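See below for the structure under consideration.
First the proteins, then the strands, lettered A, B, ... as listed; each starts at 1. If you're wondering where the values come from, they're calculated on a predicted model, not measured in any experiment. Computed over heavy atoms, backbone and side chain alike; hydrogens, waters and symmetry mates excluded.
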Protein chains: 2
Amino acid sequence: MKTMKISEAVVRRLPIYLRYLTELQQREVLTVSSQDLGLKLDLNPAQIRKDLAYFGEFGRKGIGYDVAYLIQKIRQILKLNHQISVALVGAGNLGQALSNYNTYLKDNMKIVAVFDAHTPKIGKKINNLTVQPMEELEQTVRDHNVRIGIITVPAFEAQNVANAFVNAGVEAILNFAPVILKVPNHVRVHAADFTTDLLSLAYYLDNGKEDEEDGEEPMDH
Amino acid sequence: MKTMKISEAVVRRLPIYLRYLTELQQREVLTVSSQDLGLKLDLNPAQIRKDLAYFGEFGRKGIGYDVAYLIQKIRQILKLNHQISVALVGAGNLGQALSNYNTYLKDNMKIVAVFDAHTPKIGKKINNLTVQPMEELEQTVRDHNVRIGIITVPAFEAQNVANAFVNAGVEAILNFAPVILKVPNHVRVHAADFTTDLLSLAYYLDNGKEDEEDGEEPMDH
DNA sequence: TAGATTGTTAATCGATTAACAATC
DNA sequence: TAGATTGTTAATCGATTAACAATC
């Protein structure tokens, strides 16, 4: 596999390729072209070819890509050949919802522990996981070789949780709290705050409609 | 307000500015510089100034930005001056979790209806919303002037839900299902599938650690 | 006046797309 | 051989950053 600086945009697309390829495999499709992929994933075929070519020559001219082989390669690139252990802090509604995604994450990742700082939540069962107190985080992270942390606590607690994860040796964090976390350079953080996504959608609403429906939007007194 | 092509990257940052500015306002901070904002939000101050300057001259040289004024302006740009109505389809764990975010969305948006296609869910109470059957979607969307739809159903149902939203006149969709939706050009879709984010994090894991712990990762047979 | 900070231009950097020779 | 499709180069497009005159 070649080594060079890979752009973030490319890395963000790899899981999307992987997801669709897995679907193709289930449907017993053996081969796929960048054309097909582009159509399905709303991407330019040239971009897909270029993305994949960063990591090696995975296709065959005139034929396309072998689905099974490409899946294997992408999992290798993403370091998903061994299942990665994940821990989650914040056993609220969102945390509980995400804890149920193990079946979807399949062989790639597994949420192995759930923590919460607040007594009413501790000891509660979510799926087959018992909510643990924050005091056990460091030990559990080390014992299970947890490498990624998910944060689903309120904004004002998120930085503390991030610190705890970093201290425990977690290498990456997926942050659902609406706040920008400060972490050392060697720790990667992805923001997953859905309210940001939702509010930005408003920009694209059709302005024409604004005052269309009569009486729906009276002047402010 | 100037008119010109605004990049998606800029629009994605506006809600992040808005969020922090709102926090500043609650703390009764009156003025903020691009320097301050950049430090807090991990962005280049020049970028912040440029982002804002696309829409007008909101700051004062030598002083910075008036917090209240900038909030007002950003809400205007994002068309959040009137509360926007949102509907959600999929009353599973994730859907229920998101339905509870109204307090956080404040004056900006409001989830006004929740739908599900499956009888056991229908009639269920989530907060003060009753889960409605899909048959009522179109009418409810029109009655409440719902402009944004949220999809939290399994992947295989997501396209149907998107179609229903589009038919009902929804202008934008936030899609949590792990699938790429096909919609007409005038409808905006943002992907919010967290498994994609999570898997892409794996790429940034520290390779050095891979075979560090002895015996943890035996060779395949 | 001196210091701070904007708005904006120019320079740089990065990502996407088009085009096509190579080849299955 | 003819058609399809990759891998890759070059061209284009878009986003970020540096630098600084204007000015509070």
To the nearest angstrom, how far is B/Leu39 atom CG from C/dT5 atom P? 12 Å
Contact class for B/Arg13 vs. all strands (heavy atom < 4.0 Å): base, sugar-phosphate, or nothing? sugar-phosphate
Between C/dT6 atom C1' and B/Asp66 atom CG, what is the distance in whole Å? 14 Å
Taking OP1 and OP2 of C/dT5, is either one under 4.0 Å from a side-chain nitrogen or oxygen of B/Ser34? no
Distance check needed: C/dT5 C1' versus B/Tyr65 OH, whole Å only. 9 Å
D/dT16 phosphate, OP1 or OP2: any side-chain N/O from B/Tyr54 under 4.0 angstrom? no
Could you run through nucleotides 17-24 of chain C and give me one letter per nucleotide, 5' to 3': B if any protein heavy atom sits under 4.0 Å from the base, S if only the sugar-phosphate is that close, - if neither? BBB--BBB
Thinking salt bridges, do A/Asp193 and B/Arg19 make one under a 4.0 Å N-O criterion? yes
Hey, are A/Lys182 and B/Asp42 close enough for a salt bridge, meaning a charged N less than 4.0 Å from a carboxylate O? yes
Do the numbers put B/Lys79 on top of the ring of A/Tyr203, so that NZ or CZ is under 6.0 Å from the six-membered ring centre and no more than 45° off the axis? yes
Can you check the A/Gln35 CD to D/dT6 C1' distance for me, whole Å? 12 Å
Can you check the B/Glu8 CD to C/dG14 P distance for me, whole Å? 20 Å
Any strand is fair game: report the nucleotide pairing with C/dT6 by Watson-Crick or G-U wobble, both distances under 3.5 Å, or none. D/dA21
Under a 3.5 Å limit on both distances, the Watson-Crick or wobble mate of D/dA15 is C/dT12
Can a salt bridge be assigned to the pair A/Asp197 and B/Arg12 using a cut-off of 4.0 Å between side-chain N and carboxylate O? no
Please determine if a side-chain N or O atom of B/Ser7 lies less than 4.0 Å away from the OP1 or OP2 oxygen of D/dA15. yes
Start with the C-alpha gap between A/Phe194 and A/Phe176, add the side-chain angles, then the distance that decides, and say whether ring pair (Phe, Tyr, Trp, His ring centres under 6.0 Å) holds. CA-CA 7 Å; A/Phe194 96 101; A/Phe176 286 84; 9.1 Å; no
Can a salt bridge be assigned to the pair B/Glu8 and B/Arg13 using a cut-off of 4.0 Å between side-chain N and carboxylate O? no
What is the separation between atom CG on A/Leu70 and atom P on D/dT5, rounded to the nearest whole Å? 15 Å
Rounded to whole angstrom units, what separation is found between the CG atom of B/Asp51 and the P atom of D/dA15? 10 Å
The side chain of B/Ala9 is closest to which nucleotide in this list: D/dG7, C/dT6, D/dT16? D/dT16
Can you tell whether the side chains of B/Glu23 and B/Arg27 come within less than 4.0 Å, N to carboxylate O? yes
Rounded to the Å, how far apart are B/Leu37 CG and C/dT6 C1'? 13 Å
